[in-house]
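What follows is a short report on a single structure.
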There are 2 protein chains.
Amino acid sequence: MIDPEERLERMTRLLREKGCRLTPQRLALLKIIARAEGHPSAERIYELIKKDFPTTSLATIYNTLNLLKDMGEVLELNFDNLGSRYDGNKPYPHPHIICLACGQILDSEFMAMAGVALEMAQKTGFHITHYHLNFFGLCPECQQKKANS
Amino acid sequence: MIDPEERLERMTRLLREKGCRLTPQRLALLKIIARAEGHPSAERIYELIKKDFPTTSLATIYNTLNLLKDMGEVLELNFDNLGSRYDGNKPYPHPHIICLACGQILDSEFMAMAGVALEMAQKTGFHITHYHLNFFGLCPECQQKKANS
DNA sequence: GATTTATTTAGAATGATTATTTATAAAAAA
DNA sequence: TTTTTTATAAATAATCATTCTAAATAAATC
C-alpha cells in the first residue's frame with residue numbers, strides 16, 4: 001500500500017492546480033479514499049462522510065469520484081452485479097482477486113501483465129490503454145467454512 | 001469459432017435433459033446466441049427475436065439467458081457502463097479486447113492465462129473458479145481515423 | 001384431448017448512477 | 001468591505017438495465 005498521506009497530499013495539490021475548490025466534503029472524501037484499506041462503494045463512502053457532514057448528498061460523492069476518476073487519481077472497479085468500487089490508493093490498473101462468498105477484494109501485484117498487454121497489442125494491432133484482470137473464487141477462510149458445513 | 005450448429009444441438013439437448021420446456025422463443029434465442037458472430041446485448045437479442053415473435057417480452061430474454069448462464073452454457077460479459085453482453089458460442093472465460101471508439105469486442109485466445117490463474121491460486125490460497133481479462137484501447141481502424149482527424 | 005405446471009407476458013419495481021434545478025459559499029473585483 | 005462571479009452542494013427527478021409479480025398461456029405427459 002502506498003503511503004495514504006502522500007496520496008492525500010498529491011490529490012489535494014492536483015485539485016488545487018486544476019483550479020478546483022477544496023470544499024470540506026471533498027477533503028473528507030479524499031481522506032477516505034486515500035486511506036481506505038479496502039475498495040469502498042459510493043454508498044459506503046457516503047455513510048462515512050455523513051458522520052462528519054450529515055447533510056451531504058450522494059450526488060456529491062459521485063461528482064467528486066468522477067472528477068478524480070477523470071483526473072486518473074481514482075480507479076473505478078466494475079464487478080458483476082454489484083455496484084462500482086473505488087480505489088484511490090492505487091489508481092492504476094492492477095489485478096484483483098474477489099471472494100464470491102464473503103465479497104472481499106484483494107489487490108495483487110502481477111508485473112507479468114505488462115508483458116501480456118504488450119503481446120496482445122502486437123497480435124491485434126490495438127493501441128491498448130488499460131486492462132481489467134479479475135479472478136473470482138473462494139478465499140482460504142471461505143473454503144474452510146464450506147468444508148465444515 | 002466453434003460450430004454453431006453443434007452448440008445449438010448441445011444446448012437444446014441439455015435443456016431437454018434438465019426437464020426444461022423448449023418453447024419457440026427459447027429455441028429462437030438459442031439459435032441467435034449459438035450463431036452470433038459478436039457478443040450481443042439482451043436488447044439486441046430482443047430485437048432479433050421480435051422479428052419472428054413480436055409479442056416476446058424482454059423478461060423472457062433475461063430469464064432464458066440467466067437459465068443458460070447458470071447451466072454454464074452462456075458467458076455473461078460485464079464491461080464498464082454498458083449493459084451486459086452474452087457469448088453462447090464460447091461459454092468459458094477467455095480474454096477480450098474492446099475498442100473504446102467503435103465498441104467492437106474481439107475474442108482473443110491466450111492460453112497462458114491458465115498458468116497465470118494457477119500462479120495466482122498458489123500465491124493467495126484462493127480456489128479460483130473463473131477470471132475476467134479485458135483489454136481496452138483503440139482498434140487499428142479507429143487509430144487511423146483518429147490520426148486523419 | 002385434458003391436465004399439470006413451467007413459461008410467457010406486460011408492466012411495475014428496483015437500484016445504481018446521472019441530470020437538473022436551485023441554493024450556497026468561495027474567490028475575484030470593485 | 002461590498003458586490004459580483006462562478007464553482008460546488010443539495011435535493012430531487014430522471015434514467016437505464018435488470019428483476020419481480022401476477023395473470024394468462026401453452027408444452028409435455030397421461
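So you know, we letter chains A, B, ... as the sequences are listed, proteins then strands, and number each from 1.
Taking the six-membered ring for Trp and thresholds of 30 and 60 degrees, A:H94 and A:H39 have ring planes inclined between 30 and 60 degrees apart.
Atom CD1 in A:I61 sits roughly 14 Å away from atom P in C:dA16 (whole-Å rounding). Going from atom CG of B:N66 over to atom P of D:dC20 covers 9 Å, rounded to whole Å. Atom CG of B:L22 is separated from atom C1' of D:dT29 by 15 Å (rounded to the nearest Å). B:E43 places its CD atom 9 Å from the P atom of D:dT18, with the value rounded to the nearest Å. Rounded to whole angstrom, the span from the CZ atom of B:F53 across to the P atom of C:dT9 amounts to 9 Å. Separating the CZ atom of A:R44 from the C1' atom of C:dA16 is a distance of 18 Å, rounded to the nearest angstrom. One can place CG of B:L15 at 14 Å from C1' of D:dA27, the figure rounded to the nearest angstrom. To the nearest angstrom, P of C:dA16 lies 16 Å from NZ of A:K69.
In the interface, the side chain of B:R26 is not paired with the base of C:dT7 through any donor and acceptor atom under 3.5 Å apart. The base of D:dA28 has none of its N or O atoms less than 3.5 Å from a complementary donor or acceptor on the side chain of B:R21.
The listed nucleotides are C:dA10, C:dT7, D:dT8; the one nearest the side chain of B:C20 is C:dT7. Side chain of B:A42, nearest nucleotide from C:dT8, D:dT18, C:dG11: D:dT18. Considering only the side chain of B:T64, C:dT8 comes nearest among C:dA19, C:dT8, C:dT9.
Remark: B:Y62 is in phosphate contact with D:dT18, judged by side-chain N or O atoms under 4.0 Å from OP1 or OP2. For C:dT17, one of the phosphate oxygens OP1 or OP2 lies less than 4.0 angstrom from a side-chain nitrogen or oxygen of A:S84. One finds a side-chain N or O of B:Q25 lying less than 4.0 angstrom from the OP1 or OP2 phosphate oxygen of C:dT9. In terms of phosphate contacts, B:N63 brings no side-chain nitrogen or oxygen within less than 4.0 Å of OP1 or OP2 of C:dT7. For the pair B:T23 and C:dT8, the criterion of a side-chain N or O lying under 4.0 Å from OP1 or OP2 is met. The side chain of B:S57 contributes no N or O atom lying less than 4.0 Å from OP1 or OP2 of C:dT8.
Across all strands shown, A:P54 has no heavy atoms under 4.0 Å from either base or sugar-phosphate atoms. Counting non-hydrogen atoms under 4.0 angstrom, B:S41 reaches nothing in the nucleic acid.
Tested against A:C20, the residues A:L15, A:L14, A:T12 include a single side chain to side chain contact (heavy atoms under 4.5 Å, CB included) partner, A:L15.
Ion pairing of B:R44 with B:E47 is present here, as a side-chain N (NZ or NE/NH1/NH2) and a carboxylate O approach within less than 4.0 Å.
Within the 4.5 Å cutoff, side-chain heavy atoms of A:L65 are placed close to those of A:I45.
Counted within 6.0 Å of CD on A:E17, heavy atoms from surrounding residues, nucleotides or ligands total more than 12; the atom is thus considered enclosed.
Ring pair A:Y92/A:H130: centre-to-centre distance not below 6.0 Å.
Between B:L58 and B:G19, the residue anchored closer to the 5' end of DNA chain C is B:G19, taking for each the nucleotide with the nearest heavy atom.
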